[in-house]
*Asks:* 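Pasting a structure here, questions to come.
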Amino acid sequence: MTIEEGRPPVRPLWVEDPVGRRRLPDPVRGSAVRAVLIVSVTLIEAMTAFLSTVTGSWLAFPMVLSSVASTVVATWAVLDVWITRQVWNQRHGVTSVPSSTARGLRKERRSARRSARRQERDAERIQTKHASRLSPQS
C-alpha cells in the first residue's frame, strides 16, 4: 500500500496532546463523581421547588424541604471530595523535593562515608601486604 502521487497522506482524526495534570486517584475520582451527581440532583430539586412555589402548586412545600435536605447532603458530598483528597495525599504521600540545604548535607555525609570506607580498605590492604611479608615461609 503506497501513497499515490498527488494525494496528501491520510491524517488521523485527532492528535492526543499530553495531559498537563495527572489523573485523580480512584477514591478521589469516585467521590468527585458522587458529589457532581448529588449537586446536580440538588439543583434540579431547587429549581423544581422554585417553579412549584411560583405556580402555587401543592408540591412546593415538600420540594422546599427536600431541597434543604439535599443542600446539606450536597455540602457534605463536596467536603467528602476534599477530605478524601487530603487523606489520599497523607497516606500515599506527595512527592516532595528536598531543599538545597538538605541535599548538600546528604551529599557531605555520603562523601564522608565513602572516604571512611576507602581508608578502611586501604588499611586492610596495608595490613595484609605487611602480614604476607612478615610471615615465615615454609
Side-chain angles (χ1 to χ4, degrees):
M1 293 190 193
T2 61
I3 299 176
E4 297 177 21
E5 292 297 322
R7 290 183 72 189
V10 178
R11 290 184 358 199
L13 291 177
W14 66 85
V15 177
E16 292 188 19
D17 294 330
V19 178
R21 292 170 49 177
R22 289 195 336 252
R23 190 172 131 160
L24 286 174
D26 287 339
V28 178
R29 194 169 59 247
S31 64
V33 167
R34 203 170 30 250
V36 166
L37 291 174
I38 291 171
V39 168
S40 63
V41 167
T42 300
L43 289 173
I44 291 170
E45 281 183 350
M47 186 178 62
T48 308
F50 173 73
L51 292 176
S52 347
T53 303
V54 168
T55 58
S57 171
W58 64 272
L59 195 58
F61 184 68
M63 286 306 294
V64 167
L65 290 179
S66 173
S67 296
V68 170
S70 292
T71 302
V72 172
V73 172
T75 304
W76 172 251
V78 171
L79 281 175
D80 183 46
V81 174
W82 182 65
I83 292 169
T84 307
R85 185 169 174 261
Q86 295 298 322
V87 168
W88 176 268
N89 286 339
Q90 284 181 356
R91 285 186 183 163
H92 300 282
V94 180
T95 50
S96 62
V97 179
S99 66
S100 58
T101 57
R103 191 176 296 124
L105 291 173
R106 207 169 48 235
K107 193 174 184 180
E108 289 174 15
R109 277 182 282 171
R110 199 178 309 128
S111 65
R113 280 195 306 260
R114 284 181 186 154
S115 63
R117 281 195 304 252
R118 193 176 307 118
Q119 287 176 353
E120 287 176 13
R121 278 193 304 252
D122 292 343
E124 278 184 28
R125 282 189 202 131
I126 291 171
Q127 286 177 354
T128 55
K129 188 184 289 185
H130 288 300
S132 64
R133 286 184 186 169
L134 296 176
S135 66
Q137 297 195 359
S138 43

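The shown structure was predicted, so the numbers you read here are calculated from the model rather than taken from an experiment. Residues take their numbers from the sequence shown, with the count starting at 1.
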*Asks:* Between Val87 and Trp82, is there shared hydrophobic-cluster membership here, with clusters defined by ILVMFWY side-chain heavy atoms closer than 4.5 Å?
*Replies:*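 Yes, same cluster.
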
*Asks:* Could I get the full list of side-chain contact (heavy atoms from CB on, under 4.5 Å) partners for Pro62, not counting sequence neighbours?
*Replies:* none

*Asks:* Does Ser40 have any side-chain contact (heavy atoms from CB on, under 4.5 Å) partners at least two apart in sequence or in another chain, and if so, which?
*Replies:* none

*Asks:* Supply the members, apart from Val33, of the Ile/Leu/Val/Met/Phe/Trp/Tyr cluster built from side-chain contacts under 4.5 Å; use none for a lone residue.
*Replies:*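 Members alongside Val33: Leu37.
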
*Asks:* Once side-chain hydrogen bond (donor to acceptor under 3.5 Å, both in side chains) is applied, do any residues pair with Ser31, and if so which ones, sequence neighbours excluded?
*Replies:* none

*Asks:* Which pairs pass salt bridge (Lys or Arg N to Asp or Glu O under 4.0 Å) with one or both residues in residues 63-91, sequence neighbours excluded?
*Replies:*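 Sorted result for residues 63-91: Arg34-Asp80.
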
*Asks:* With rounding to the nearest 0.5 Å, note down the distance linking CD in Gln119 to CZ in Arg121.
*Replies:*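 Nearest 0.5 Å value for the CD-CZ distance: 10.5 Å.
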
*Asks:* Considering only residues two or more places apart or on different chains, which pairs with a residue in residues 43-52 satisfy side-chain hydrogen bond (donor to acceptor under 3.5 Å, both in side chains)?
*Replies:* Glu45-Ser66, Glu45-Ser70

*Asks:* Using a side-chain heavy atom cutoff under 4.5 Å and only I, L, V, M, F, W and Y, what cluster partners does Val36 have?
*Replies:*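 Taking Ile, Leu, Val, Met, Phe, Trp and Tyr as members, Val36 stands alone, with no cluster partners.
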
*Asks:* Can you list the residues that meet the salt bridge (charged side-chain N to carboxylate O under 4.0 Å, His left out) rule with Asp26, with sequence neighbours excluded?
*Replies:*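 If we apply the salt bridge (charged side-chain N to carboxylate O under 4.0 Å, His left out) test to Asp26, skipping adjacent residues, the hits are Arg23, Arg29.
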
*Asks:* Would you kindly confirm whether Val78 and Leu43 end up in one hydrophobic cluster when ILVMFWY residues are joined by side chain heavy atoms under 4.5 Å apart?
*Replies:*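 Yes; tracing contacts between hydrophobic side chains, which count when under 4.5 Å, links both residues.
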
*Asks:* Under the salt bridge (charged side-chain N to carboxylate O under 4.0 Å, His left out) rule, collect the residues that match up with Arg125, sequence neighbours excluded.
*Replies:* Asp122

*Asks:* Run through the side-chain heavy atoms of Ile, Leu, Val, Met, Phe, Trp and Tyr, join any pair under 4.5 Å, and report what else lands in Val73's cluster.
*Replies:*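 Its cluster mates, by chain and number, are Ile38.
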
*Asks:* Taking all heavy atoms of Val39 and all of Ala74, pick out the closest pair and write down the distance.
*Replies:* CG2-CB, 3.9 Å

*Asks:* Taking ILVMFWY side chains as joined if any heavy atoms are under 4.5 angstrom apart, and letting links pass through other members, which residues group with Phe50?
*Replies:* Met47, Leu51, Val54

*Asks:* Restricting to non-hydrogen atoms, name the atom on Ala112 and the atom on Ser115 that form the minimum distance, rounded to 0.1 Å.
*Replies:*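 Here Ala112 and Ser115 meet closest at O-OG, 2.9 Å.
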
